[in-house]
Amino acid sequence: MTVGRHRLRGLAVLWLATTAGCTRDDRRCDGCETLVVAAVSEPSTLIPPLVSETVGRDIGDQVFERLADLRPGAASIDSAAYQPALATRWERVDSLTWRFHLRAGARWHDGRPVTAGDVRFSFDAFSDSTIGAAAQSVLAGRVAIVPEDSATFLVRFTEPSPEQLYDATYHVRIIPAHVWSKIPRASWGADTALADLVGSGPYRVAQWQRGQFLTLAADSSYTPTAKIRRAIWRFTTDPDAALNLVLSHEADVLESAAGPERERRAAADSSVRIIRYPSAAYGFLGFNLVSARGHAAPHPILGDRSTRRGLTMAIDRATAAKAVFGPAAKAPPGPMSQLLWLWNDSIATLPFDRAAASRELDAAGWRTGKDGVWVRNGRRLAFDILVPSTSGARRQLATLLQEMWRSAGAAVTVTSVDFPVFQERLGQGRFDAYIGAWIDEPSARGLADQWTRQGWSALNYGHYANPRFDSLFAHAGRTPDVARAGKAYRTALETLNADAPGLFLFAPATAAVVSSRVRSMDINPYSWASGLRSWVVQ
């Protein structure tokens with residue numbers, strides 16, 4: 001997140017209004033039906049396999065379609081929770097195969113029909129190491145598309161899994177083979193031609209002034225016709241600038257106020273309203289359990305389970321979450337956002353209990369020193385928290401934890417570094433503890449890279465490993481029934497929580513700032529603007 005203030009320049013605002021063809025006054029006219037979104041950043045690309053930023057996903061999901069959409073908050077293994085998108089129906093053929101049927105009359109924005117060949121081409125592109133899509137590890141060598149005719153195809157998997165329907169629909173947006181097969185895949189990232197951004201969704205890209213704005217226009221061939229006929233994303237450099245656009249009536253919607261202070265500013269303006277919805281993010285403090293990356297020796301302080309448990313019970317997680325992220329934030333019952341279907345308030349966690357924390361530390365051999373800091377074998381209970389300087393929220397959270405631990409007898413420092421340095425130090429294991437944040441997808445599978453032994457080469461920077469947790473987590477992932485899988489995941493997560501490899505600190509809610517002229521605004525938290533075509537502007 002970029003810190004600072006962005007002053008609106010009247011000339012730039014006027015220039016944008018005229019080039020976009022719709023001013024504040026004529027946006028209210030009958031038939032204008034234009035909505036302006038204030039965005040905090042700009043995507044580098046909209047080509048689906050290459051999209052990495054959430055704003056790119058938000059815009060791209062108006063242009064390109066999945067085969068089916070998972071209902072928000074539903075379990076990824078629940079086959080009844082998927083809704084038609086580019087495909088209207090599907091059925092299981094056998095334990096490894098599904099048959100899909102494309103929407104009748106589905107066409108690309110250039111008028112050509114969408115075919116099963118396009119689906120095969122798209123899955124191949126998302127699996128190609130040359131492109132390096134995030135879904136490559138899930139799809140490559142595991143899924144094959146077999147067209148049966150122009151509108152019907154099979155999705156074949158190499159092994160049984162409760163998440164086959166999820167893998168067949170969630171990761172891949174379908175792109176036109178007749179456009180992208182002519183372009184070498186190694187050069188897709190450098191392609192800036194709007195003519196190549198051909199999708200089958202409700203909107204097409206009409207204009208992209210880099211560094212300024214992007215305009216989507218409703219596609220006339222898509223049914224039902226979008227009620228918002230034109231959507232303009234205005235790109236800013238920080239949350240204050242984006243909020244100023246909405247409060248000055250130069251934009252209609254801001255995805256997130258991004259903090260209690262900006263939320264209070266928005267709440268004081270009667271021309272806008274705040275819509276709260278669960279965020280897909282969760283944040284945590286991860287302990288480093290080893291002395292250095294690649295070494296078997298445990299960390300001299302944090303490698304000890306009882307010490308970590310004592311430190312965890314000394315922290316009031318719920319208070320910290322609300323203090324930094326507002327009253328709608330929660331302390332999660334494990335590594336999950338409020339959206340993940342595994343969330344269950346009854347999952348056992350270590351409680352905030354200073355007396356129990358002291359007993360745990362005492363049992364681990366720590367004794368209170370003369371200065372009030374715990375000491376064991378001549379070593380003080382002292383460690384550092386690494387945070388990225390680009391995140392004010394994480395710095396604030398680290399300071400809160402520092403104070404809570406100080407009052408509990410732990411001497412904690414906070415080190416703030418630039419984000420590239422932050423990532424480098426995590427990868428090298430040069431930290432004691434760090435505050436991280438992840439964005440969930442609807443599947444729990446991503447937790448394997450974050451907290452199991454297989455994640456040591458991925459995102460498990462603290463090198464936590466417990467064979468029992470790994471086994472329980474793997475068993476839960478193989479369980480096809482939603483209720484039984486939920487219980488299995490609960491057992492696994494309670495094992496993880498008892499080991500205290502980190503503190504699961506916050507699961508925030510998002511506060512969208514919305515102009516009073518926008519109505520019927522249904523938000524899918526995994527892609528907040530995906531319902532744009534059904535919104536209404538007055």
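These values consider heavy atoms only, across backbone and side chains, with no hydrogens, waters or symmetry-generated copies.
The OG atom of Ser127 sits 8.5 Å away from atom CD1 of Ile145, with the distance rounded to the nearest 0.5 Å. The structure places OH of Tyr461 at 6.0 Å from CG of Leu426, a figure rounded to the nearest 0.5 Å. Taken to the nearest 0.5 Å, the CG atom of Leu503 stands 8.5 Å off from the CG atom of Leu350. From Leu35, atom CG reaches atom CG of Leu216 across 10.5 Å, with rounding to the nearest 0.5 Å. The distance from the CG atom of Leu214 to the CG atom of Leu46 is 6.0 Å, given to the nearest 0.5 Å.
Val537 has its side chain out of reach of Arg519: every pair of non-hydrogen atoms, C-beta onward, lies at least 4.5 Å apart. Proximity of Val518 to Val536: side-chain heavy atoms (C-beta onward) are nowhere separated by under 4.5 Å. Two residues are said to be in side-chain contact when any heavy atoms from C-beta on lie closer than 4.5 Å; Asp304 and Arg309 fail this criterion. Within the 4.5 Å cutoff, the side chain of Leu285 has heavy atoms near those of the Leu401 side chain. Put simply, the side chain of Thr510 does not reach to within 4.5 Å of the side chain of Trp528, judged on heavy atoms. A 4.5 Å side-chain heavy-atom check between Tyr203 and Ile228 finds at least one atom pair inside the cut-off. For the pair Met521 and Val253, the minimum side-chain heavy-atom distance is below 4.5 Å. Between Leu302 and Asp432, the closest side-chain pair of non-hydrogen atoms falls below 4.5 Å.
With Tyr170 as the aromatic partner, Arg66 meets the cation-pi criteria of under 6.0 angstrom to the ring centre and within 45 degrees of the ring axis.
More than 12 heavy atoms of other shown residues, nucleotides or ligands fall within 6.0 angstrom of atom CG in Asp353. More than 12 heavy atoms of other shown residues, nucleotides or ligands fall within 6.0 angstrom of atom NZ in Lys322. With a 6.0 Å radius and a threshold of 12 heavy atoms from other residues, nucleotides or ligands, Arg120 has its CZ atom at or below the threshold. Heavy-atom neighbours of Arg468 CZ from other residues, nucleotides or ligands within 6.0 Å: at or below the threshold of 12.
Two rings, from Phe284 and Trp451, have their centers less than 6.0 Å apart. Aromatic ring centroids of Phe473 and Tyr489 lie under 6.0 Å apart. In this structure, Tyr166 has its ring center under 6.0 Å from that of His171. Aromatic ring centres of Phe123 and Phe126 lie farther apart than the 6.0 Å criterion allows.
Checking side-chain atoms of Lys330 against main-chain N and O of Ala507 turns up no donor-acceptor pair under 3.5 Å. Judged by distance alone, the side chain of Asp118 and the main-chain N or O of Ala177 form a donor-acceptor pair under 3.5 Å. Judged purely by atom type and a 3.5 angstrom limit, Thr479 uses its side chain to pair as donor or acceptor with the backbone of His475. Between the side chain of Thr97 and the backbone N or O of Val93, no donor-acceptor pair lies under 3.5 Å. A donor-acceptor pair under 3.5 Å is formed between the side chain of Asp470 and the backbone N or O of Arg453. Under the 3.5 Å distance criterion, the side-chain polar atoms of Gln62 are matched with a main-chain donor or acceptor of Ala529. Side chain of Asp440 to main chain of Ser337: a donor-acceptor pair is present (N/O by atom type, distance under 3.5 Å, no hydrogens or angles). Side chain of Ser534 to backbone of Gly531: a donor-acceptor contact under 3.5 angstrom is found. A distance-only check finds no donor-acceptor pair linking the side chain of Thr223 to the backbone of Thr225 [under 3.5 Å]. Side chain of His463 to main chain of Gly455: no donor-acceptor pair is present (N/O by atom type, distance under 3.5 Å, no hydrogens or angles).
Judged purely by distance below 3.5 Å, without hydrogens or angles, the side chains of Glu163 and Ser443 pair a donor atom with an acceptor atom. No hydrogens or angles considered: a donor-acceptor pair under 3.5 Å links the side chains of Ser527 and Asp61.
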Working for side chain to side chain contact (heavy atoms under 4.5 Å, CB included), residues Val172 and Ile174: CA-CA 6 Å; Val172 177; Ile174 309 304; 3.9 Å; yes
As a quick check of understanding, evaluate side chain to side chain contact (heavy atoms under 4.5 Å, CB included) for Ile77 and Trp341, giving each step before the final call. CA-CA 10 Å; Ile77 63 174; Trp341 68 277; 4.2 Å; yes
If you apply the rule side chain to side chain donor-acceptor pair (under 3.5 Å), what do you find for Trp98 with Gln164, and how did you get there? CA-CA 9 Å; Trp98 293 77; Gln164 285 178 352; 3.1 Å; yes
Thr152 and Asp149: CA distance, side-chain angles, deciding distance, side chain to side chain donor-acceptor pair (under 3.5 Å) verdict: CA-CA 5 Å; Thr152 309; Asp149 57 42; 3.1 Å; yes
Run the salt bridge (charged side-chain N to carboxylate O under 4.0 Å, His left out) check on Arg185 and Asp128 step by step: do they pass? CA-CA 9 Å; Arg185 290 182 179 176; Asp128 192 340; 2.8 Å; yes
Might you work through the side chain to side chain contact (heavy atoms under 4.5 Å, CB included) test for Asn460 and Asp449, ending with a clear yes or no? CA-CA 6 Å; Asn460 186 355; Asp449 280 348; over 6 Å; no
Side chain to side chain contact (heavy atoms under 4.5 Å, CB included), that's the test. Do Glu441 and Leu340 meet it? Break it down for me. CA-CA 8 Å; Glu441 60 177 62; Leu340 193 63; over 6 Å; no
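The minimum heavy-atom distance between Trp233 and Ala39, with the atom names listed, is CD1-CB, 3.9 Å. Taking every heavy atom of both residues into account, Ser41 and Val55 meet most closely at OG-CG1, 3.7 Å. The shortest heavy-atom contact between Trp90 and Leu67 is CZ3-O, 4.5 Å. In plain terms, the two heavy atoms of Pro160 and Leu96 that are nearest each other are N-CD2, 3.4 Å. Residues Phe506 and Ala437 share a closest heavy-atom pair of CZ-CB, 4.4 Å. For Tyr282 against Pro335, the heavy-atom pair with the smallest separation is OH-CB, 3.4 Å.
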Name the atoms and distances for all side-chain donor-acceptor pairs under 3.5 Å in residues 311-321, with sequence neighbours left out.
| from | atom 1 | to | atom 2 | distance (Å) |
| --- | --- | --- | --- | --- |
| Thr312 | OG1 | Arg308 | O | 2.8 |
| Asp316 | OD1 | Thr319 | N | 3.2 |
| Asp316 | OD1 | Thr319 | OG1 | 3.2 |
| Asp316 | OD2 | Thr319 | OG1 | 2.6 |
| Arg317 | NH1 | Pro332 | O | 2.9 |
| Arg317 | NH1 | Phe504 | O | 2.5 |

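Ring geometry for Trp188 against Phe121 counts as tilted: the plane angle lies between 30° and 60°, on a 0 to 90° scale. Note on ring orientation: taking the six-membered ring where Trp is involved, the planes of Phe469 and Tyr464 are tilted (angle from 30° to 60°).
No option in Arg103, Arg533, Arg107 other than Arg103 meets the salt bridge (charged side-chain N to carboxylate O under 4.0 Å, His left out) test with Glu65.
Using a 4.0 Å cut-off between a side-chain N of Lys or Arg and a carboxylate O of Asp or Glu, Arg490 and Glu494 qualify as a salt bridge. By the 4.0 Å N-to-carboxylate-O rule, Glu148 lies close enough to Arg99 to be salt-bridged with it.
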